[in-house]
Amino acid sequence: MLGYFWLIPLPVLVTLLLTLLFGKQLGLKSAWLGMCGTVLSFCLALACAPAVFTGESASLSFTWFDNLQFGFLLDKLSLILLLLVAFLATLILLYAYGYMEHESGLLRFFAEVQLFVFSMLLVVLADNLLQAFIFWEIMGLCSYLLIGFWFFKPSAAAAAKKAFLVTRVGDVVMLVGIILLFDMFGSVEYSVMLSQAAAGNYDEFWLTIATLCIFGGVIGKSAQFPLHVWLPDAMEGPTPVSALIHAATMVKAGIYLCARLFPLFALTPNTADFMLIIGTVTALGTALMAVVNRDFKRILAFSTLSQLGFMVVSLGALNYVAAILHLINHAFFKALLFMGAGSAIHGTGTNDIYEMGGLLKYQKVTGLTILCATVSIAGLPPFAGFWSKDEILLAAYLAAPPVFWLLALTSLLTAFYMFRLFFVVFCGPKRGDYHGHESSVPMIAPLVVLSFFALGSGALTQTITVLLTGHTHSASTHLPMIVSIFAVIIGIGLSAAVYLFNIFSADKAAKAAAPLHKLLLNRYYIDRLYEKISYWFAVRFAELADVIDKYVIDGLVNLVARVNLGLATFCRWFDYCVVDGLIRGFCFVVSGFGGYMRRYASGGLQGYLALVLVGVFVLLLVAIGGVSLL
Amino acid sequence: MNSLTLEQLIMLLPELLLLVLAVIIMLLPERARTMAWLVAAGGLAADLLMCLSLWGVNDYIMGGAYAVNNFAVLVKVMLLGLAMLNVIGSHDFTARVYRAREYYALLLMAMLGLLIIPSSMDFITLVVAFELVSITTYVLPLAELNNPQGGEAALKYFISGAFASALILYGLSLLYGFTGTMNLQNCAQAMAILGAHPLLLVALVLLLAGFGYKMALVPFHWWAADTYTGSPSPTTGFLSGVTQKGAFVVALKIIVVYSAVFAPLAALLLGVLCAVTMTVGNVLALKQKDVKRMIAYSSVAHAGNIGVGFAVGGTAIVGSFVHILAHALMAIACFFALQIVFERKGGTMMQHFRGLGKQMPGLAAALMLLLLSFGGVPPLLGFWGKMLMVVPAVGLGGWYLVLALILVLNSALSLVYYAAVIREMYMRPAEIELLPPAADKVKPSGRSYQLALWLSVALLLAFGLLPNWLTEICSSALFNSMLPW
């Protein structure tokens, strides 16, 4: 089976083509077609699992041209990701079947989702950076198209554009990094690069620059500070898309790539330190924003940013296993949260959590599954989120204690805002005027399935650690675990006190810290700063262009015109006297020659042959001349 | 030594099969056009497989006059494949000509000659095979009896060809007089002893001129434009895509014979010829209003391109072979495309191409790809051949650099007129209505043209995207068997 591992993405490609062919007739049923593809891919990946998890790995590569390969690589890391992506894609397609019921443009939707899944599988399977980059870009394209699915809404169109342009900044930097690595190692194949680096064939300065550039791409795609601005706006897309692309899979591609190239990052401590800082800033800064936001999906988006920050910290602390563990757990509970959010929004018709309230009465399944995800993401032991977060905190503690304390504060905030979300939406009185009802079965079924994973995937912690590192992990200190449990309990308690029992009023707190509140609501003004800066540059550039146009170009044009005029006058004279004379003379000669030739070459063919003889004669002269020179 | 054993006969099976097939086709009833087509296409396919099975054999038979090695097999397989493409497309053409059987039988006989050329190690065999190709193809433009242009094309081709044969034989007689042998290897050895005698050079010039005829190098190209334009398009495809390529193999053999003593001078002569050919061909094509004539002149220019690789030598010869394949595929496909336009719009002048992008989107897309490949736009195969010639030429420096520069400039120049056709197809509204596709017996729908066209385009794209495979096979075949004999 392992020999045929490259077949894994194929079913998705086939169903994508079938969707393109028959999507018009199938309509909503394209979802089932797509699910066939992802289920088949999942089964194929599962069939490879026994061999891969016992230590085998498979690769298939052929030369594209020159030194560039096109190939696939299946090992433990990529297989885990493949299983995760195929599994979540299946559930989300099922969910979309329910969610997209009343939409038009379904062919477009399902084709784009399947193209996304296909390219994500290929990013994971790629055995070299260039190929990964190609499909990474296709993922970016799909993300752009799907965020702008409702392109007739100006906000959606703007969000799509923003996502595309902001990630492009990271991608360009990453391409520079790839070129640098190619220059350094002569290949962009993972195995070649890593073995060369292990053998010490590198220059530390340039390797640092290259890894920083690669991390630049990760900053874009995984939405880290300062390029995090696109992700909250990306929530303009349909909810299944937010769940699949902007929570569970695409934004994790950056983490996966870092894990792939982990030995390179391990060799460059400066880059690792940079990752620690960026990850911490993102985790804490976005968690604070999540506390004050009122939009259901945006809160989740900020929370995604914050959790991605945790993963980056873990990479920076040189513990990629913890990052992968958190990646898996987060994929489960965040997909669940988004799909639950979609269900709640579907039921109430609003995104504002303060217009929901008391929803548990109407949507028992949605509410309870969201509660499962909430306890998991908050990090309450013994649920999934707790285990991986504990690993990350421990890694941070060992790497840099200040980072650990900041992250502990972040996990307090995480527990606080997640339970705030839950209490405001599902508990308390009904605030908005909605006719609550539970969503349809295709939307609920994935929620139930995922809630088991959200609660229980922590049980996989040891297994995956052993798979990836080969030995079990034992904590050297229990301080981080104790601190994090306390932080979570304080966070939940505070949240309950404010939003469930109303002991303190949230509004008063907001008023007391009005400047901070305003700063957070406006997302630290970073978005506006970017707008201002780009606006300033655009205006200055336009002014500069104007000046150049007025003085330099116009001056040049005038000069050219004047010179031309002079030249034209001269040419006129030259034309009349010299050229025409020459032409008349030439015509006279040619026509004379033609007439002369015509006498001999009446049919044409004879003329041809005569010319050939002339040619042979000239060649002979050249040849003889050449010999005499030799 | 001169007796032929049964084992050696097996190596001649591809050639014998063609002979038998040609006879079988002539024995078919006159109306059995599809049958003749099937026999020809199937026979060529079987022949191709037989040739492929000879890959790896390295042997001389018939007293050293006939070699079977990887070089010969590569050329044979290439030419057979191209001829097969041409035959596949010709079905709808022969469905309405009077002499379908003769068309296919002559085509197969020409292929017989083309199979002997790469194997022959003896000037007599070489010339006889070459004459076999020439004489059979003189008749091919006459396939459409009611087309007066065909007669003119055939006659011009014939007379020019006879003239070329005279030049070749004169050159050979000089060569024989000096070296006393007709065997290629012995000839080269004799030359090494004799040294650079001017009369040997005269012989070279005469041979180059004679074979330059078939390669359509300037100033021996005069017949090409008339013949290519006057012949029906499927025949033109065969002439410019298959038989013309045979002449390049002969030229390569002669260059190799001369390379021992006259290496820089022979290369210089060929280089000058090629530079002139490219420039003149492109300049003449630039002003043509008839697209068929434009492509005919562009074939002349491409012949110059191919020759550049031979002049540069070394790894550039691989580039030449890639370009031979590329141009043959492009020419065959392009002339089929022109035939479709001719049948559906009544002509091949520029105005017939106006608005073709809307009227026949599939055909226009294929034609655009072909034209871009002609112009050498990556990633189509037309690009790789030129690149593989230019890179070694630049590496050698000196006047080779000038030659490379002329090639690149000519590529840019040629894009002007190729792009003009694309502009007509996509940017201008249509002026001439499409004729309905008549699917009766007299005028079939042109499906076989489409099939051959798309097969060629697919091959161009496939080889263009994965050039490594092709270049590796070419270089292994060339450097393992041809150059050290």
Side-chain angles (χ1 to χ4, degrees), chain A residues 6 13 17 20-21 60-72 122 126-128 130-131 134-135 137-138 186-189 583 586 590 593-594 597-598 600-630, chain B residues 152 155-160 162-164 166-167 170-171 195-210 212-213 217-226 261-273 276-277 378-379 384 387 464-472:
Chain A
W6 46 271
L13 182 64
L17 295 177
L20 285 176
L21 280 179
L60 172 80
S61 149
F62 49 91
T63 305
W64 186 19
F65 69 93
D66 203 31
N67 226 354
L68 294 173
Q69 264 70 19
F70 195 87
F72 307 105
L122 278 170
D127 81 334
N128 64 68
L130 187 72
Q131 193 185 341
I134 291 172
F135 290 102
E137 289 294 312
I138 298 179
S187 167
V188 284
E189 242 178 309
I583 286 180
F586 183 71
V590 168
F593 186 66
M597 289 294 287
R598 203 178 300 133
Y600 293 94
S602 53
L605 195 58
Q606 290 91 325
Y608 294 168
L609 298 184
L611 282 170
V612 167
L613 279 183
V614 172
V616 171
F617 190 64
V618 171
L619 267 183
L620 274 177
L621 282 182
V622 172
I624 302 295
V627 164
S628 55
L629 280 179
L630 271 177
Chain B
E152 184 196 340
L155 197 63
K156 279 193 176 158
Y157 190 27
F158 169 60
I159 295 175
S160 304
F163 193 79
L167 289 178
Y170 190 19
H197 193 281
L199 273 183
L200 280 176
L201 209 61
V202 173
L204 173 67
V205 169
L206 290 172
L207 287 175
L208 269 187
Y213 249 113
L217 295 178
V218 173
F220 318 115
H221 69 287
W222 302 102
W223 62 275
D226 290 343
V261 181
F262 289 96
L265 200 63
L268 181 71
L269 274 181
L270 195 62
V272 170
L273 269 182
V276 174
T277 304
W384 291 105
M387 197 185 96
L465 288 173
L466 304 165
N468 253 34
W469 185 78
L470 186 64
T471 51
E472 267 163 31

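Chain identifiers are assigned alphabetically (A, B, ...) following the order of the sequence lines, protein sequences preceding nucleic acid strands; residue numbering begins at 1 within each chain.
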**Study point:** By side-chain contact (heavy atoms from CB on, under 4.5 Å) - contacts of A209(B) (at least two apart)
**Key:** V616(A), L167(B), F220(B)
Revision key, fill the gap. The residue among V202(B), L269(B), L204(B), L206(B) that forms side chain to side chain contact (heavy atoms under 4.5 Å, CB included) with L620(A) is V202(B)
Practice item. Apply side-chain contact (heavy atoms from CB on, under 4.5 Å) to W223(B) and V612(A), showing your working. Key: CA-CA 11 Å; W223(B) 62 275; V612(A) 167; over 6 Å; no
Practice item. Could you tell me the separation between the CG atom of L466(B) and the CZ atom of F70(A), rounded to the nearest 0.5 Å? Key: 10.0 Å
Practice item. Decide yes or no on side-chain contact (heavy atoms from CB on, under 4.5 Å) for V622(A) and V205(B), but give the supporting numbers first. Key: CA-CA 10 Å; V622(A) 172; V205(B) 169; over 6 Å; no
Review point. Given that the side chain runs from C-beta out, which part of L613(A) has a heavy atom under 4.5 Å from chain B: side chain, backbone, both or neither?
Key: side chain
